[in-house]
Protein chains: 2
Amino acid sequence: MAKSYPMRSTESPQVTNEPSESQRAIQAQCIEIFVSAAAVLGVPRSIGEIYGVIFAAPRPLTFQEIVERLNLSKGSVSQGLRALRSLGAVRTAYVPGDRRDYFEPETELRNLVAGLLRDRINPHLEQAKDRLTRVQQQVTDGGGLNADEAVVLRARLAKLESWRKKSALFLPLITKVLG
Amino acid sequence: MAKSYPMRSTESPQVTNEPSESQRAIQAQCIEIFVSAAAVLGVPRSIGEIYGVIFAAPRPLTFQEIVERLNLSKGSVSQGLRALRSLGAVRTAYVPGDRRDYFEPETELRNLVAGLLRDRINPHLEQAKDRLTRVQQQVTDGGGLNADEAVVLRARLAKLESWRKKSALFLPLITKVLG
DNA sequence: AAGCTTGTTCATTTTTTTCTAAACAAGCTA
DNA sequence: TAGCTTGTTTAGAAAAAAATGAACAAGCTT
């Protein structure tokens, strides 16, 4: 299955050796863990696999190696890596004299969490803030709202506002604590 | 669109009045917010809609009302309500002399978060713990592992272990703080 | 028991998401 | 410039998730 692949030049010999059997086994287990984490986070399975294989590799991997070890298409890997880079979960490592990209994992939890907050949570909180303001307007104007009902609705929206505030306050704090 | 629906008896008159126009508008906005939250949390859209319509209603709603206001099938509503009850996000309210279930929202953030932790996060953390232990074994046994590589791998697994510990420590703490 | 109402289950359909593969771009090297 | 290698883009296929609707259960009421 694993295709042998050609060297590009004699002065930059290909150190891309195959992983040992036990390394492969360890890799597989790590991948399982991250695939399951991906499910919890609601991201595609392939993204978990890609992060997993990079995390479990003792040296940075090339694009091609990721494709081969995971049996994924180039397309999936390209997209997955883009997402992971945008989250700050993988970085490219420079290797002198090699045109290819090498990928290594971000291993600081706080940075990973910060990326998730930035890319997934905060945009939602922003949007929710706007929407909430607009609904609160409507309830205050309250044409045709029964008085009792208006009281309950106002209370509900106050709750929602308090959720939003607490989230905006505590979420960024988490990344601090994880230092 | 809204079907009129029959009373069941004269002694338990149907107070199930239609929501006013402004109430309907407010409801729609709330639903939008929760649908978007559902997307962030990676749960089905319909679950966001169902929680939204219950949250935005000034009184507990019946199963039938939820079906009608959202134009969802009974099947979807049944499944969605089951999930929401399991999370502790909606409760049934008892109404004397009425056989139907009435649903009202849990509005305490800490309880909602606690439900998510219990149902979604903790099971993953448990599983990860077992898996991690097993991989650590493998690396320690380390047949056929290059020494340099073994060092890096051990460090990686140590990181993973530290993530797990931090998560297990801080996540439950969050629900405390949200009091 | 027959006939309601209320809600659940589950096989099927629909919709959405994810993956693939082929075409393409960009940058080397010869 | 022709011919590599490396990686991206995207239309369409494949797979997975979600919604539907019809059959079913359970419990009233008469």
Side-chain angles (χ1 to χ4, degrees), chain A residues 3-14 16 35-36 38-51 54 60-68 70-86 90 92-103, chain B residues 3-14 16 35 38-51 53-54 60-86 90 92-103 120:
Chain A
K3 288 164 281 188
S4 72
Y5 55 113
M7 318 258 148
R8 280 174 317 91
S9 84
T10 45
E11 62 193 343
S12 154
Q14 200 71 0
T16 306
V35 163
S36 151
V40 171
L41 294 174
V43 306
R45 172 187 185 88
S46 66
I47 288 190
E49 294 183 291
I50 294 168
Y51 184 79
I54 292 172
L61 297 182
T62 64
F63 185 94
Q64 186 62 26
E65 287 175 309
I66 297 168
V67 167
E68 286 169 2
L70 296 177
N71 271 307
L72 282 174
S73 67
K74 287 197 300 171
S76 284
V77 172
S78 182
Q79 291 176 190
L81 282 171
R82 165 160 22 161
L84 286 166
R85 270 181 295 191
S86 136
V90 312
T92 54
Y94 176 64
V95 171
D98 196 328
R99 181 149 76 85
R100 295 170 298 177
D101 293 339
Y102 281 80
F103 298 94
Chain B
K3 290 165 278 187
S4 71
Y5 55 109
M7 318 258 147
R8 282 173 317 90
S9 84
T10 45
E11 61 193 345
S12 154
Q14 201 71 1
T16 306
V35 163
V40 171
L41 294 175
V43 303
R45 175 189 183 85
S46 65
I47 287 190
E49 294 183 290
I50 294 168
Y51 184 79
V53 81
I54 293 173
L61 297 182
T62 65
F63 184 96
Q64 185 62 25
E65 286 175 310
I66 296 168
V67 167
E68 286 169 2
R69 294 195 190 184
L70 296 176
N71 272 308
L72 283 173
S73 67
K74 287 197 298 170
S76 285
V77 171
S78 182
Q79 291 175 189
L81 282 172
R82 162 158 27 159
L84 286 167
R85 272 181 294 191
S86 135
V90 311
T92 53
Y94 177 62
V95 171
D98 196 329
R99 182 150 75 87
R100 295 171 297 179
D101 293 339
Y102 281 80
F103 298 93
R120 287 175 64 86

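Here is how names work: the chains are called A, B, and so on, in the same order as the sequence lines, proteins then strands, and each is numbered from 1.
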Considering heavy-atom distances to DNA chain C, does A/Lys74 or A/Val43 have its closest nucleotide positioned more toward the 5' end?
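This one resolves to A/Val43.
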
Please check the phosphate of [N] (OP1 and OP2 only) for any side-chain N or O of [X] closer than 4.0 Å.
X       : N      : answer
A/Arg85 : D/dT8  : yes
B/Arg82 : C/dT9  : yes
B/Ser76 : D/dT20 : yes

In whole angstroms, how far is the [atom2] atom of [N] from the [atom1] atom of [X]?
X        : N      : atom1 : atom2 : result
B/Asn71  : D/dG21 : CG    : C1'   : 15 Å
A/Leu70  : C/dC19 : CG    : P     : 11 Å
B/Leu81  : D/dA19 : CG    : P     : 13 Å
A/Gln64  : D/dT8  : CD    : P     : 13 Å
A/Gln79  : C/dA21 : CD    : C1'   : 12 Å
A/Glu49  : C/dT18 : CD    : P     : 13 Å
B/Phe103 : C/dT6  : CZ    : P     : 12 Å
B/Asp98  : D/dG27 : CG    : P     : 17 Å

Would you find more than 12 non-hydrogen atoms of other residues, nucleotides or ligands less than 6.0 Å from A/Arg45 atom CZ?
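No, the 6.0 Å shell around CZ holds no more than 12 heavy atoms from other groups.
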
Looking for any heavy atom pair under 4.0 Å, which part of the strands does A/Leu72 touch: base, sugar-phosphate only, or nothing?
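Sugar-phosphate: the residue A/Leu72, judged by heavy atoms under 4.0 Å, touches backbone atoms but no base.
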
Where do [X] and [Y] come nearest, in terms of heavy atoms and distance?
X        : Y       : result
B/Ala83  : B/Ile47 : CB-CD1, 3.7 Å
B/Tyr102 : B/Val95 : CD1-CG2, 3.4 Å
B/Ile54  : B/Leu61 : CA-CD1, 4.3 Å

Heavy-atom distance under 4.5 Å between the side chains of A/Phe103 and A/Thr92, does that happen here?
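They are in contact (side-chain heavy atoms under 4.5 Å apart), so the answer is yes.
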
Selection from [options] that lies nearest to any side-chain heavy atom of [X]:
X        : options              : answer
B/Ser78  : D/dT8, C/dT20, C/dT8 : C/dT8
B/Arg100 : C/dA23, C/dT8, C/dG7 : C/dG7
B/Ser73  : D/dG21, C/dT8, D/dT8 : D/dG21

Look at the side chain of A/Arg99 and the base of D/dT5, then say whether one donor and one acceptor between them are separated by less than 3.5 Å.
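Result: at least one qualifying N/O pair found.
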
